[in-house]
Undergrad: 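If you scroll down you'll find the structure; I have some questions about it.
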2 protein chains.
Amino acid sequence: MVIKRTKRKTGHVTLSDVARACQLSVSTVSIVLSQAPLSQRLAATTRERIHATALRLGYHPDAYARSLRSRSTKTVGVLAYDMSDPFCVPVVRGIEEGLQPADYFSLLVDAQTERKLFDSSLGMILERRAEGVIVIASWVFEEANLLADVKKNHVPIVIVGRDLTERRIPSFLVDNHAGGAMAMNHLISLGHRRIAVIRGPDDLFDSQPRWAGAQHAAAQAGLRLDPRLVVSLPNRVDPTSGFDGGRLLAREMISSTREFTAVLAFDDLTALGVVRGLREEGLRVPEDCSVIGFDDILPAAVSTPGLTTVRQPLRTMGSLATQHLLEALQQSSQESVSATNPRMLAPELVVRDSSAPPPARRRDRSAPTSQHPAAGPARRAKPPRQ
Amino acid sequence: MVIKRTKRKTGHVTLSDVARACQLSVSTVSIVLSQAPLSQRLAATTRERIHATALRLGYHPDAYARSLRSRSTKTVGVLAYDMSDPFCVPVVRGIEEGLQPADYFSLLVDAQTERKLFDSSLGMILERRAEGVIVIASWVFEEANLLADVKKNHVPIVIVGRDLTERRIPSFLVDNHAGGAMAMNHLISLGHRRIAVIRGPDDLFDSQPRWAGAQHAAAQAGLRLDPRLVVSLPNRVDPTSGFDGGRLLAREMISSTREFTAVLAFDDLTALGVVRGLREEGLRVPEDCSVIGFDDILPAAVSTPGLTTVRQPLRTMGSLATQHLLEALQQSSQESVSATNPRMLAPELVVRDSSAPPPARRRDRSAPTSQHPAAGPARRAKPPRQ
DNA sequence: TTCTGGACTTGAAACGTTTGAATAGTGTAG
DNA sequence: CTACACTATTCAAACGTTTCAAGTCCAGAA
């Protein structure tokens, strides 16, 4: 018996296609396929028949129609400032992990560090009726206009990588101050006294607290940093420009007459740039100069020497933020309890091979050759499993 | 005058909210806000009023309702095998670039290299009524069952990074054979004769053609590769495991008595692992041994020495695939012209600092750039530690 | 006065689902 | 024979849009 095909407007198999094939009503089929409680009362044979037909036809329920009807999309919008930045990837993974058990789906949008894309992306997310929004924005994120719209539509929002609690947005980020101090302390404890610092660009939120932390740690240790050895990256255009910045600044600093035995870089890409710059000037890392980064992104782990760095728990940040958002969604009716202070996660020192005691200056410190002096407990360099 | 708020079931501002606020019908508001041709006939003042109100209330059209009605979602599903692999990121960027001008939206799903996620992700994409699907799968991708469903629903599909034309799926990938040859030729032209090769894992599609290309190039140059210097990576569990694989294989090869002056690695992460392994055995790159990778992912560019590699035009692959898909969507009615042979893109040699002529055997080649501990040329030396 | 016709606005159906209420069919008890 | 309680299935309304056909005005023409 040939099933009459009414005009197919779209290529998709619909509920009524299945119903027609089964000689049943749409309702019946829906009840069975959506596992509604009523389906228990249906004849087992019918259920079987429906399932088989659906499978045969390759039926997939239309999420649009379904969500329209049930007014729940099970979707969370994720707005990443730039997926090309290795920073974002682990955060997104963490979010995914948080979402999965709750059967939520992530709507990932990449703003590609373009101001205008930011607003339009947020618009997309709103239009797609995400029930909540997670913004990943360690990077510039000039107060998108649409943030107000998000509120108007009562969509809870959280942010990862930046403190926006002043605007009553729950924020999850690493404790940059502690991280800066941690990096500085590591260098100091290795014996470095002449430490160069490459601060982040001024327009970047993280720059200030990291620098403050480093300064604080230096002061604690009774160390005065030479202002001529403190430089800043220029404001960035794209997330990977830190590499060139670090490389050039390192070379400039060497050209100046100031001496230093270690460089504390703003982030990993900058640090890798420094390593390159030092190398180009004929200096070995870590024998002649130590370098420490910040973030612990993949390239830090797989370069040689492995880069000593301060690790941000990116994955955890992502999943904690997600957790928080999901909880807010539960108590949707009550005003979402917007935390008034940021959730700061502890950074972790990852010692690899780019840091070592300073070269012996006067005293004859035996063989500054290939021996990578084991600094601290010397964790084995593994790629970050974020 | 207070606008009476009927019970808000969802937090979202809807068309009828705006209509009520304007004292107009839903139709009118819809016509204006969706820029329908009819809106030209409406009083300018009315239009103005509607726009203002919509803006004030923070109205965003419901993509679900809209798509349901218009039966077009303007969405393309993108299924990436693993976003943690730096390989995927540029491809996705390329896709994004292709999609944007056509006003299409990407629905990005990350399968996280988990077999079961693959099918369920494809299901998600189907349910969200993507009009087409792009699969990024250089990585294992064991013939998802749902691929059949994609066809049943008449959703065009293309694949990036793997040849699936035998299953009549348009495929976009780099010319692996040419790439393998290119890498080999580079090493040969530098003067290397004893070249070690680390092949990819057997379960990975790219492995075979790259190896064949390398072999072919060697044969062309009258070079016989020592079988004992040809090893394979173990089958992988996660995308970054190539690093450890390369590192261990490099150390093993050095431990064996075979000599070599260059390593042709399957991909960049493997190559970076090799660099690490060589270094741990006291060898300098490129002075004692050259290393070449494949892919040109970010870590290859920012490590020191910069990794010489064969670049895949990932971004281009992404945008070409998108182009092709969009064209197929245009002529939706006619059978999508599934190409019968893969579109192979030319790789590009990127020469950085990890490749150089082989060390002079007897003569004293004083490497000018060599700041590394002088460890005997080309043969094993004392490992720095452990 | 009624008609014509433009200018402006609205009614109602449809998209594919879900779901509470309603219907037919079938025994079984009163 | 009616009433009742099942069981198995269907009706119909709703979700927020879009869009075509059909209003309502009101001025000017017949």
Side-chain angles (χ1 to χ4, degrees), chain A residues 6-50 54 57-74 126-129 131 153, chain B residues 6-50 54 57-74 126-129 131 153:
Chain A
T6 51
K7 54 176 191 286
R8 301 217 115 290
K9 295 125 172 196
T10 168
H12 279 285
V13 179
T14 141
L15 213 41
S16 72
D17 287 329
V18 181
R20 198 173 323 111
C22 288
Q23 316 258 43
L24 284 171
S25 80
V26 170
S27 320
T28 312
V29 177
S30 166
I31 285 166
V32 170
L33 291 181
S34 64
Q35 316 270 32
L38 271 178
S39 73
Q40 288 313 320
R41 300 212 189 140
L42 278 173
T45 81
T46 309
R47 270 183 284 167
E48 193 41 53
R49 184 157 51 107
I50 292 175
L57 297 183
Y59 168 78
H60 287 265
D62 184 326
Y64 285 79
R66 196 209 283 274
S67 292
L68 182 57
R69 165 71 221 222
S70 65
R71 42 204 341 88
S72 103
T73 56
K74 285 287 187 185
L126 244 25
E127 295 185 0
R128 306 243 154 186
R129 293 301 185 254
E131 298 176 16
N153 286 279
Chain B
T6 51
K7 54 177 192 276
R8 304 215 112 293
K9 293 121 169 197
T10 168
H12 280 285
V13 179
T14 139
L15 212 42
S16 72
D17 288 329
V18 181
R20 198 173 323 114
C22 289
Q23 316 258 43
L24 285 170
S25 81
V26 170
S27 317
T28 312
V29 177
S30 167
I31 286 166
V32 171
L33 291 181
S34 65
Q35 316 269 33
L38 271 179
S39 72
Q40 288 313 320
R41 299 208 188 144
L42 277 173
T45 81
T46 308
R47 270 184 284 167
E48 194 40 53
R49 186 157 49 108
I50 291 175
L57 296 182
Y59 169 77
H60 287 264
D62 184 325
Y64 286 79
R66 195 210 283 273
S67 292
L68 182 57
R69 164 72 222 227
S70 65
R71 44 207 336 86
S72 103
T73 57
K74 286 287 188 185
L126 244 24
E127 295 185 359
R128 307 242 153 186
R129 292 301 185 255
E131 297 176 17
N153 286 279

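Note that the coordinates shown come from a computational prediction; the quantities given were computed from them, not determined experimentally. Every chain is numbered from 1, with letters handed out A, B, ... down the list of sequences.
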Undergrad: Starting at OG1 of B:T45, measure out to CD of B:E48 and round the result to the nearest 0.5 Å.
TA: 9.0 Å

Undergrad: To the nearest Å, give me how far apart OH (B:Y64) and C1' (D:dA14) are.
TA: 18 Å

Undergrad: For nucleotides 4-13 of chain D, give me one character per nucleotide, 5' to 3': B if any protein heavy atom sits under 4.0 Å from the base, S if the only such contacts are to the sugar-phosphate, - if neither.
TA: ----SBBBBB

Undergrad: Using the side-chain contact (heavy atoms from CB on, under 4.5 Å) criterion, which residues pair with A:S72? Sequence neighbours excluded.
TA: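 Result, side-chain contact (heavy atoms from CB on, under 4.5 Å) vs A:S72: A:S70, A:K74, A:E131.
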
Undergrad: Could you work out which one of D:dT18, D:dT17, C:dG16 sits closest to the side chain of B:L68?
TA: C:dG16

Undergrad: Select base, sugar-phosphate, or nothing to describe what B:R47 touches, counting heavy atoms under 4.0 Å on all strands.
TA: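 Since no nucleic acid heavy atom lies under 4.0 Å of B:R47, the category is nothing.
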
Undergrad: Spell out, as yes or no, whether a donor-acceptor pair under 3.5 Å connects the side chain of A:N153 to the backbone of B:V13.
TA: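 A pair under 3.5 Å: yes.
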
Undergrad: Could you tell me which residues satisfy side chain to side chain donor-acceptor pair (under 3.5 Å) with A:Y64, sequence neighbours excluded, listed by chain and number?
TA: A:R128

Undergrad: For the helix from C:dT1-D:dA30 to C:dG30-D:dC1, what is the angle between the axes at its two ends, each from 5 pairs, rounded to 10°?
TA: 100°

Undergrad: C:dT17, OP1 or OP2 - any side-chain N/O from B:R129 closer than 4.0 Å?
TA: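 Affirmative; the distance criterion is met.
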
Undergrad: List the atom pairs, with distances to 0.1 Å, where a side-chain N or O of residues 25-33 of chain B and a protein N or O form a donor-acceptor pair under 3.5 Å, not counting sequence neighbours.
TA:
unit_1, atom_1, unit_2, atom_2, d
B:S25, OG, B:S27, N, 3.3
B:S25, OG, B:T28, N, 3.2
B:S25, OG, B:T28, OG1, 3.0

Undergrad: Once salt bridge (Lys or Arg N to Asp or Glu O under 4.0 Å) is applied, what residue pairs with a partner in residues 57-67 of chain A remain, sequence neighbours excluded?
TA: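 Only A:D62-B:R129 qualify under salt bridge (Lys or Arg N to Asp or Glu O under 4.0 Å).
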
Undergrad: Between B:S30 and D:dT18, is there a side-chain N or O to OP1/OP2 distance below 4.0 Å?
TA: yes

Undergrad: Which part of the nucleic acid, if any, lies within contact of B:S34, taking any heavy atom under 4.0 Å across all strands shown: a base, the sugar-phosphate backbone alone, or nothing?
TA: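 If one applies the 4.0 Å heavy-atom cut-off, B:S34 turns out to touch the sugar-phosphate alone, with no base involved.
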
